There are 2 protein chains.
Amino acid sequence: MTRSGKKRVDNGGDGRARPGRRPTIREVSRLAGVSHMTVSRVIRDLDLVQPETRARVHKAIADLGYVPDRAAGSLASRRTGFIALMLPTLTNTNFAAVAHGLTDALRLADYDLLIAYTEYSVSEEERQLKNLLARRPEAMVLTGSMHSRAAAKMLLASGIPVIEIADLPRQPLEHAVGFSNYEVGRTAARYLIDKGFERIGATASSNEGDVIDHRGEERMRGFEDELKRSGRPPELVLRHGHAPVSFDHGVAVTPLLLEKRIDAVFAVSDLSAVGIVMECQRRGVAVPEQLSIVGFGDFEIGREINPALTTIHVDFHALGLRTGRLILDLLPPGAAHAPEIVDVGLTLVERASVRGAK
Amino acid sequence: MTRSGKKRVDNGGDGRARPGRRPTIREVSRLAGVSHMTVSRVIRDLDLVQPETRARVHKAIADLGYVPDRAAGSLASRRTGFIALMLPTLTNTNFAAVAHGLTDALRLADYDLLIAYTEYSVSEEERQLKNLLARRPEAMVLTGSMHSRAAAKMLLASGIPVIEIADLPRQPLEHAVGFSNYEVGRTAARYLIDKGFERIGATASSNEGDVIDHRGEERMRGFEDELKRSGRPPELVLRHGHAPVSFDHGVAVTPLLLEKRIDAVFAVSDLSAVGIVMECQRRGVAVPEQLSIVGFGDFEIGREINPALTTIHVDFHALGLRTGRLILDLLPPGAAHAPEIVDVGLTLVERASVRGAK
DNA sequence: GGGAAACTTGTTAACGTGCACATTCTAGCG
DNA sequence: CGCTAGAATGTGCACGTTAACAAGTTTCCC
């Protein structure tokens with residue numbers, strides 16, 4: 001017997017069960033007849049405990065239904081096991097794929113993801129950020145690239161690795177894993193120009209007030225710049241509705257496309273592009289004969305519709321995985337990594353929604 | 001000046017800045033010339049602090065870039081501010097909508113969502129559950145209805161409200177907010193029977209090993225039972241692939257449907273149903289003339305395709321909201337609520353994918 | 001057989017905050 | 001002017017765990 005009651009006054013610190021409360025490590029230790037540190041070692045699988053002792057402890061844990069309290073553990077060890085992830089929205093399967101990829105990479109190392117989403121609102125990002133930091137995550141993953149001054153300051157002051165994903169910012173805060181949305185726009189434009197289209201347009205959301213899709217905006221910038229370079233006016237780039245765009249965005253924008261006699265359009269997202277295809281079907285407008293369409297994101301649905309959607313593909317699950325692996329590199333203390341910028345690249349996937357596709 | 005160093009030995013407990021560490025509440029209090037409790041009161045907005053003092057504290061907080069440590073706060077107050085949510089997957093927009101609804105309801109009360117997902121794996125559910133409970137959430141939300149014995153035991157022992165969602169289990173663990181998947185299946189079957197179809201089929205995933213879509217299975221049970229009741233053999237209920245099903249499930253299953261000369265089919269999910277529609281388009285099979293289709297979930301894409309998809313609608317965002325509100329009712333201590341079972345209902349949405357629709 | 005190394009277990013003191021209670025200050029009143 | 005109620009602020013400790021170090025035991029080798 002090792003426990004003693006001499007110093008403690010009258011609380012349950014010596015391992016007596018307390019009604020209405022979850023059992024603690026001390027109660028387990030008492031039941032198993034060991035010190036609480038031995039229990040702690042068994043829990044964390046530190047392999048320093050004799051098999052028989054370990055068995056006794058495991059039995060006590062099972063008998064009491066003991067579940068360790070990670071908040072207490074975090075406080076003592078200064079390691080929370082949290083990785084924070086801030087996304088614009090969860091309702092976008094590509095962002096959800098990022099979350100899946102991240103978890104897949106981090107699961108083995110026993111990290112938990114702490115997910116927040118901003119609904120594309122800048123002020124909400126700041127609020128959520130403070131919230132997340134209060135949970136002391138060991139790394140912060142957020143969608144690049146625009147953050148408020150205050151947000152950037154908080155991130156830097158936090159002292160944890162910061163990884164911007166899904167866009168490669170011109171001035172990364174620290175690390176970044178993503179691709180160039182600007183380049184996405186340029187690629188789409190060049191493709192349509194090379195195919196010989198004349199009236200080339202694009203559709204995106206209009207960014208009003210607090211709700212801004214920075215990455216979509218980057219794609220449009222790249223698209224417009226490439227258009228200008230080929231001597232075409234960028235006046236056929238249409239803004240409509242607000243982020244996040246979905247199928248109905250494409251549906252709503254279709255009459256405008258037709259009215260402006262656009263013959264090839266780049267949509268800020270596959271979802272919008274699919275909406276355009278569907279609305280064209282209903283209006284008897286032939287795709288791609290009368291209207292060619294390029295999307296972005298390579299959403300599953302784009303592969304299934306008729307005609308299948310030409311799009312720009314980014315492997316978001318791999319992006320999440322890569323981010324997770326970067327974090328695992330970064331976290332062991334000591335190794336003061338230089339900022340790492342990983343470009344996961346992008347691929348134009350030619351399918352049938354553009355006239356003259358191979 | 002209130003601080004004193006008499007009892008403390010040599011650590012930073014009296015509020016001296018410590019290099020490489022985030023500032024603590026005591027450093028703030030020292031800078032502001034107050035006790036740490038006053039700072040704590042200011043942070044938590046308890047309205048017991050004089051305006052000038054409060055201002056001084058706020059300035060100190062800003063100067064130091066102080067962010068409270070919720071892990072420490074959780075330990076002291078025994079309230080973590082976490083609500084745990086366990087889902088099969090995030091890549092399903094309906095489940096994502098539940099998460100959104102939950103956050104919307106809980107945001108104001110300053111709760112954070114702790115999300116885990118199981119990929120439909122039973123063993124993974126148990127693993128994740130233990131993980132989540134170690135974070136001491138104040139309530140646990142999980143998708144009903146099948147849980148392992150061990151899981152159920154852990155949940156009961158946790159002493160927190162448990163809310164099963166998305167299916168109303170026959171034997172709820174405690175509270176439940178959802179709908180009857182069995183009834184979904186029956187409704188679909190009755191609808192197709194009433195429309196006068198003869199060769200009525202259904203498609204779902206086959207549940208092998210550890211990966212099981214219990215809720216989809218319930219829908220199939222209901223469907224089969226209603227079919228039998230009408231004297232039809234349930235042999236046209238096809239199982240194929242594994243959960244989660246998506247568009248390609250429908251694509252893959254279409255040749256089987258045609259081969260079996262099925263003239264009306266209920267798909268376990270809209271995504272599969274959309275896949276069937278698309279594959280029929282490619283094969284020149286007319287929908288609904290040659291094959292009628294009913295889905296489940298009322299996913300956005302189903303409204304956009306041609307023909308638009310008849311489906312069974314459940315308001316998942318509202319489901320999340322309702323769950324959040326239930327939690328807010330449950331959490332104030334004292335009020336020992338009786339188990340609450342909320343049926344959010346379901347609606348059959350008639351669209352053009354079924355022959356003879358209004 | 002003696003000593004060091006390796007293994008196993010234990011003791012004590014943080015970790016950063018909130019609760020319960022104590023103390024100080026202020027205003028109001030007879 | 002002294003007393004009291006209430007507001008404002010402070011003190012001490014507990015929350016449940018892990019780090020750091022200490023101590024006891026066994027093993028191994030010359």
Side-chain angles (χ1 to χ4, degrees), chain A residues 1-4 6-15 18 21-30 32-54 56-57 64 66-81 134-136 333, chain B residues 1-4 6-15 18 21-30 32-54 56-57 66-81 134-136:
Chain A
M1 285 295 149
T2 49
R3 120 204 105 82
S4 75
K6 19 187 170 156
K7 299 224 180 124
R8 296 287 180 167
V9 197
D10 72 336
N11 61 359
D14 65 351
R18 298 154 317 158
R21 289 212 202 160
R22 304 233 51 178
T24 72
I25 203 172
R26 297 199 118 94
E27 292 170 44
V28 174
S29 71
R30 183 167 186 241
V34 297
S35 80
H36 73 280
M37 272 312 295
T38 299
V39 178
S40 176
R41 290 183 184 113
V42 170
I43 292 168
R44 287 177 295 155
D45 218 10
L46 291 186
D47 266 352
L48 304 158
V49 181
Q50 207 131 40
E52 310 126 46
T53 317
R54 188 199 317 256
R56 212 149 20 103
V57 170
L64 289 177
Y66 168 74
V67 178
D69 185 327
R70 291 265 250 150
S74 301
L75 192 59
S77 68
R78 318 249 206 79
R79 300 209 27 220
T80 58
R135 300 290 187 180
R136 296 287 188 271
Chain B
M1 286 297 152
T2 50
R3 122 203 104 84
S4 75
K6 19 185 172 158
K7 299 228 179 121
R8 295 287 179 168
V9 196
D10 71 336
N11 61 358
D14 65 352
R18 297 152 320 155
R21 289 212 202 160
R22 305 234 51 178
T24 71
I25 204 171
R26 299 201 115 96
E27 291 169 43
V28 175
S29 71
R30 184 169 184 238
V34 296
S35 79
H36 78 277
M37 271 315 294
T38 300
V39 178
S40 176
R41 289 182 184 113
V42 169
I43 292 168
R44 288 178 295 154
D45 218 11
L46 290 186
D47 267 351
L48 304 157
V49 182
Q50 208 131 38
E52 309 125 47
T53 316
R54 189 199 316 256
R56 211 145 25 98
V57 170
Y66 169 74
V67 178
D69 185 329
R70 291 264 251 149
S74 300
L75 193 57
S77 68
R78 315 245 208 81
R79 300 212 26 221
T80 58
R135 301 290 187 180
R136 295 290 187 268

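Values in this document were obtained by computation on a predicted structure and should not be read as measured data. By convention in this document, chain letters (A, B, ...) are assigned in the order of the sequence lines, proteins followed by strands, and residues within each chain are numbered from 1.
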_Bending between helix ends of the helix from C/dG1-D/dC30 to C/dG30-D/dC1 [5 pairs per end, 10° resolution]_ = 40°
*Supply the atom-to-atom distance A/Ile43 CD1 to A/Arg41 CZ, rounded to the nearest 0.5 angstrom.*
11.5 Å
*Taking only the side-chain heavy atoms of A/Ala72 (C-beta and beyond), determine which of D/dG16, D/dT18, D/dG10 contains the nearest atom.*
D/dG16
*Can you tell me how far C1' of D/dG16 sits from CZ of B/Arg136, to the nearest Å?*
9 Å
*Residue B/Met37, side-chain atoms from C-beta onward, closest of C/dG10, D/dT11, C/dC15*: D/dT11
*Between C/dG10 atom P and A/Leu46 atom CG, what is the distance in whole Å?*
15 Å
_Comparing A/Pro51 and B/Arg70 on DNA chain C - which has the more 5′ nearest nucleotide_ = A/Pro51
*Kindly write out the residues that satisfy side-chain hydrogen bond (donor to acceptor under 3.5 Å, both in side chains) with A/Arg136, not counting sequence neighbours, or none if the list is empty.*
none
_Sugar-phosphate, base or nothing in reach of A/Arg54, heavy atoms under 4.0 Å_ = nothing
*Separation of A/Arg30 atom CZ from D/dG16 atom C1', in whole Å?*
17 Å
*Can you name the closest pair of heavy atoms from B/Val57 and B/Val28 and give their distance?*
O-CG1, 4.3 Å
_Once side-chain hydrogen bond (donor to acceptor under 3.5 Å, both in side chains) is applied, do any residues pair with A/Arg44, and if so which ones, sequence neighbours excluded?_
A/Ser40
*Closest to the A/His36 side chain: C/dT9, D/dT18, C/dG16?*
D/dT18
*Out of C/dC15, C/dG10, D/dC15, which nucleotide sits closest to the side chain of B/Ala76?*
D/dC15
*Nucleotide nearest A/Gln50 (side chain, heavy atoms from C-beta), chosen from D/dT18, C/dC19, C/dT8*: C/dT8
*For A/Arg70, which residues count as a side-chain hydrogen bond (donor to acceptor under 3.5 Å, both in side chains) partner, sequence neighbours excluded?*
none
*Looking at the side chain of A/Ser35, which of D/dT9, C/dT11, D/dG16 is the nearest nucleotide?*
C/dT11
*Of all the heavy-atom pairs spanning A/Leu75 and B/Ala72, show the shortest one and how long it is.*
CD1-CB, 3.6 Å
*How close or far is atom P of C/dC15 from atom CG of A/Leu75, stated in whole angstroms?*
9 Å
*Side-chain N or O of A/Thr38 less than 4.0 angstrom from OP1 or OP2 on C/dT9?*
no
_Could you tell me how far apart B/Leu48 (CG) and D/dG10 (C1') are, to the nearest whole angstrom?_
13 Å
*C/dT8 P sits how many Å from A/Arg44 CZ, rounded?*
16 Å
_Interatomic distance, B/Arg26 CZ vs C/dG16 P [rounded to whole Å]_ = 10 Å
_By salt bridge (Lys or Arg N to Asp or Glu O under 4.0 Å) - contacts of B/Arg78 (at least two apart)_ = none
*Residues two or more places apart in sequence or in another chain: which of them pass side chain to side chain contact (heavy atoms under 4.5 Å, CB included) with B/Arg54?*
B/Val42, B/Asp45, B/Asp47, B/Val49, B/His58
*Any side-chain N or O of B/Thr24 under 4.0 Å from OP1/OP2 of C/dC15?*
no
*Verify side-chain contact (heavy atoms from CB on, under 4.5 Å) between B/Val67 and B/Arg22, making sure each step is shown before the conclusion.*
CA-CA 8 Å; B/Val67 178; B/Arg22 305 234 51 178; 4.1 Å; yes
*B/Arg21 has a side chain; which of C/dC15, D/dG12, C/dG10 sits nearest to it?*
C/dC15
_Shortest side-chain distance from B/Val34, nucleotide among C/dT9, D/dG10, D/dT18_ = D/dG10
Using a cut-off of under 3.5 Å, enumerate the N/O to N/O pairs linking the protein to nucleotides 21-28 of chain C.
none

*Take atom CG of B/Asp69 and atom C1' of C/dG16, then tell me their distance rounded to the nearest Å.*
6 Å
_Inter-residue atom distance A/Thr24.OG1 - A/Leu64.CG, 0.5 Å rounding_ = 9.0 Å
*Counting any heavy atom closer than 4.0 Å, what does A/Ser74 reach on the DNA or RNA strands: base, sugar-phosphate only, or nothing?*
nothing
_Tell me whether the side-chain N/O atoms of B/Arg18 come closer than 4.0 Å to OP1 or OP2 in C/dG16._
yes
*Could you grab the distance from atom CZ of B/Arg26 to atom OG of B/Ser35, nearest 0.5 Å is fine?*
8.5 Å
